[in-house]
Amino acid sequence: MKKIFTLIAVAAMALSASAQEISFTEADVVAASTSAPLNNKTFSNGSFSITVTDGEGKFAIDANNAYFGDATAQTKYSYRLKTGGKSQTTSGKARFITLNAPSAGTVKVCARSASSSSVRAIEVNGTSQSLNDANAISVEMEGNISETNPTGATKVYPVYEFSVAAGANTINFADGAINIYSLVFVAGEGGGESGGGESGGGSSTTGEAGDIFFTEADVVAASTSAPLNNKSFSNGGLTIKITDGEGKFAVDANNAYFGDAAAQTKYSYRLKTGGKSQTTSGKARFITLTVGGAGKVRVCARSASSSSVRAIEVNGTSQSLNDANAISVDMPGNVSETNPTGATKVYPIYEFTVAAGDNTINFADGAVNIYDITYIPDSPTAISSVTTTATAAAVKKYVENGKVVIVKDGKKFNIAGAQLK
């Protein structure tokens with residue numbers, strides 16, 4: 001499957017209160033200057049912020065495209081914050097970034113060395129990781145196919161994770177200039193595992209983050225044998241189970257982008273409900289969504305009819321799936337003779353509140369198509385389980401079958417923080 005996560009990156013996408021992203025846009029573009037236009041400049045999202053200290057005016061923001069992620073999901077960013085030199089504290093020439101976190105947690109940084117020939121490090125609170133372009137992987141993306149690139153092979157750079165404390169944290173880059181495309185803060189117990197131990201004699205019910213989408217391996221046609229009836233799909237702390245008495249559900253290939261003007265996710269497969277939800281005996285049709293703790297789910301879905309607005313409902317809360325709400329985004333990878341600007345429709349993402357345990361997804365107006373469901377717990381444990389109060393060396397990262405895998409305490413997690421089975 002070719003999936004372009006051009007966010008929020010992590011997961012990008014409208015983020016919940018527990019995950020906040022700072023990235024840069026055309027409106028932020030500014031050249032380096034001795035007037036130091038970015039000195040003491042603060043960028044914020046909710047209660048998460050970064051402040052630039054730039055005594056010499058070396059910092060700048062410019063347009064530059066780069067993908068970050070792994071083989072499964074990639075975020076495309078189009079602007080970057082350039083530090084213009086190495087960090088320092090010399091009076092009048094100070095150059096560093098202060099990251100202000102509302103609580104302990106994890107920060108995920110999309111960054112590259114400013115030199116294509118030099119490996120440079122990014123350091124948060126004394127913990128350092130090397131920005132090495134050699135660790136980039138190649139992912140084939142349909143949207144990037146051209147005469148000179150027939151497979152759409154695209155470099156995807158790794159995302160770097162650090163533990164942060166509540167309040168001020170310092171980002172340094174002592175080896176030389178670096179370029180930062182995005183920072184995502186995820187609240188948690190940034191110093192170790194949470195929610196996994198016993199409390200009062202019982203296990204915590206706090207859930208792990210999870211993302212369910214569909215691949216070529218899931219493809220199945222609708223059939224009276226109801227191949228998807230009672231079928232479950234799971235990832236991390238999220239499970240969906242299909243009830244399909246008549247065999248109307250199916251999974252097929254279909255490309256669609258979801259997100260907003262800043263970040264877009266491309267999905268290549270969808271779950272088709274085949275009709276409206278109902279509870280009639282022998283003909284029941286609905287989806288049960290099960291999570292380990294209260295939180296939010298973000299649903300990428302469309303009406304199955306291009307001419308009809310249909311609703312998706314979670315626990316009685318309904319939102320209309322209206323293609324008229326799609327926006328057009330110019331994507332260089334989608335430029336062609338008939339589409340010289342690469343104009344691409346991007347559909348909105350719908351967010352719902354869910355409770356611990358079973359939640360019901362209905363679609364009473366008619367058939368809908370679901371491309372992705374992402375669960376973000378109010379008190380995430382999977383992300384915080386990956387963090388550590390020790391050094392970054394205590395968390396091992398490697399690529400397995402084309403995907404970034406994080407190992408801590410013998411447990412494996414994906415780059416979004418969800419535990420792998």
Worksheet item: Is there a side-chain contact between D133 and R112 (heavy atoms, below 4.5 Å)?
Response: yes
Discussion item. Is there a side-chain contact (heavy atoms from CB on, under 4.5 Å) between Q20 and S47? Walk through the geometry before answering.
Written reply: CA-CA 8 Å; Q20 298 157 292; S47 53; 3.5 Å; yes
Practice prompt. Can you spot which of V368, D252, I370 makes a side chain to side chain contact (heavy atoms under 4.5 Å, CB included) with R270?
Written response: D252
Worksheet item: Would a 4.5 Å heavy-atom cut-off, applied to side chains only, mark T243 and T279 as touching?
Response: no
Item to complete: Apply the test side-chain contact (heavy atoms from CB on, under 4.5 Å) to residues D28 and V30: give CA-CA distance (whole Å), side-chain angles for both, the deciding distance (0.1 Å), then the verdict.
Response: CA-CA 6 Å; D28 299 314; V30 61; over 6 Å; no
Item to complete: Could you tell me the separation between the CD1 atom of I312 and the CG atom of N369, rounded to the nearest 0.5 Å?
Response: 10.0 Å
Worksheet item: Does a donor on one side chain sit under 3.5 Å from an acceptor on the other, for D211 and Y375?
Response: no
Fill in: Aromatic plane relationship, F214 with F233 - under 30° parallel, 30 to 60° tilted, over 60° perpendicular
perpendicular
Worksheet, complete the sentence: Those residues at least two apart in sequence (or on a different chain) that pass ring pair (Phe, Tyr, Trp, His ring centres under 6.0 Å) with F286 are none
Worksheet item: When you check the side-chain N and O atoms of S232 and S234, is any donor under 3.5 Å from an acceptor?
Response: no
Discussion item. For a quick check under 3.5 Å, do N322 and Y347 share a side-chain donor-acceptor pair by atom type?
Written reply: no
Discussion item. For L183 and I50: C-alpha separation, side-chain torsions, deciding distance, then whether side-chain contact (heavy atoms from CB on, under 4.5 Å) applies.
Written reply: CA-CA 9 Å; L183 303 97; I50 62 169; 4.0 Å; yes
Worksheet item: If you measure only the distance, is there a donor-acceptor pair under 3.5 Å linking the side chains of T288 and D358?
Response: no
Item to complete: Please list, chain by chain and in numerical order, all residues satisfying side chain to side chain donor-acceptor pair (under 3.5 Å) with S44, sequence neighbours excluded.
Response: none
Worksheet item: What class does the angle between the rings of F363 and F249 fall in, given that below 30° is parallel, 30 to 60° is tilted and above 60° is perpendicular?
Response: perpendicular
Item to complete: Verify salt bridge (Lys or Arg N to Asp or Glu O under 4.0 Å) between D365 and K276, making sure each step is shown before the conclusion.
Response: CA-CA 6 Å; D365 296 338; K276 66 181 181 181; over 6 Å; no
Practice prompt. Answer with yes or no whether the side chains of T374 and D372 bring together a donor and an acceptor at under 3.5 Å.
Written response: yes
Item to complete: Determine whether the side chains of E21 and S182 contain a donor N or O and an acceptor N or O closer than 3.5 Å.
Response: yes
Discussion item. Can you confirm whether or not the ring centre of Y371 sits under 6.0 Å from the ring centre of Y269?
Written reply: no
Worksheet entry | No-hydrogen, no-angle side-chain donor-acceptor test under 3.5 Å, N315 and N359 | yes
Worksheet entry | Side-chain H-bond candidate by donor/acceptor type, T353 with K296, under 3.5 Å | yes
Discussion item. Under 3.5 Å, is there a donor on one side chain and an acceptor on the other for S305 and S303?
Written reply: no
Worksheet entry | Lys NZ or Arg CZ of K41 over F43 ring: under 6.0 Å, within 45° | yes
Practice prompt. Take F68 and Y181 through the ring-ring contact (aromatic ring centres under 6.0 Å, His included) test and state the conclusion after the steps.
Written response: CA-CA 9 Å; F68 292 83; Y181 294 76; 5.1 Å; yes
Fill in: Nearest-0.5 Å distance that lies between atom CG in D260 and atom CD1 in I327
6.0 Å
